[in-house]
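All ligand and atom numbering here is 1-based and tracks the order in the structure.
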Amino acid sequence: MPCLRRAAFEAHLLHFVAAGCFVLLAISLPALATDYPLEHLLIEHPYARPTPPGARTGGAYFIIRNDGRQADRLLRVSSSAAKSAEIHSMTMDGNVMRMRSVPSLDIPAGAKVTLSPGGYHVMLVGVLHPLVAGQQVPLTLTFEKAGTIDVHADVEAAPPAGQPHAH
Ligand SMILES: [Cu+2]
């Protein structure tokens, strides 16, 4: 039954092609995260977490790498997606996690400063609409020496609990 065999072969081929596409997609996904160079700084992989409907605040995160010989400082963050954006630190006070607004964030020469859930972060205060996974949040970062840059934070769902974070 050559016809049947051929159909089976084509189905197999389709399956193979589909599998190949899936692998390609899986490999290319992390590469979509964008890094933004600014003078001697590199803003790596800006992202935000989705917010439930009605939430007033959201968090945005990125890594700042300073490959220069001069220290710099993150002075300000703003976003058209929220009424205001604040730089926050997160510290443990006994068993209680406390967020505090900090006036600026030092980026020493040669350092890599990570903003992440549970640490330093950008708090979007008064989000104008829920942050939805797959969308982007515009952020404007102003540094003391390197100047100002616009970046887009990808809204990414948190990895399931217990799984290592891939960033
Ligand atoms: Cu905060």
Report yes or no: does Met99 have an N/O/S atom closer than 2.8 Å to the Cu ion (ligand 1)? yes

Any N/O/S of Ser101 under 2.8 Å from the Cu ion (ligand 1)? no

Indicate yes or no: at least one non-hydrogen side-chain atom of Ile87 is less than 4.5 angstrom from one of Leu74. yes

Geometric class of the His121/His88 ring pair [parallel <30°, tilted 30-60°, perpendicular >60°]: perpendicular

Salt-bridge present (Lys145, Glu39; N to O < 4.0 Å): no

Give a yes or no on whether the backbone of Val127 and the side-chain of Lys83 come within a donor-acceptor separation of less than 3.5 Å. no

For His88, the N, O or S atom at the shortest distance from the Cu ion (ligand 1) is ND1

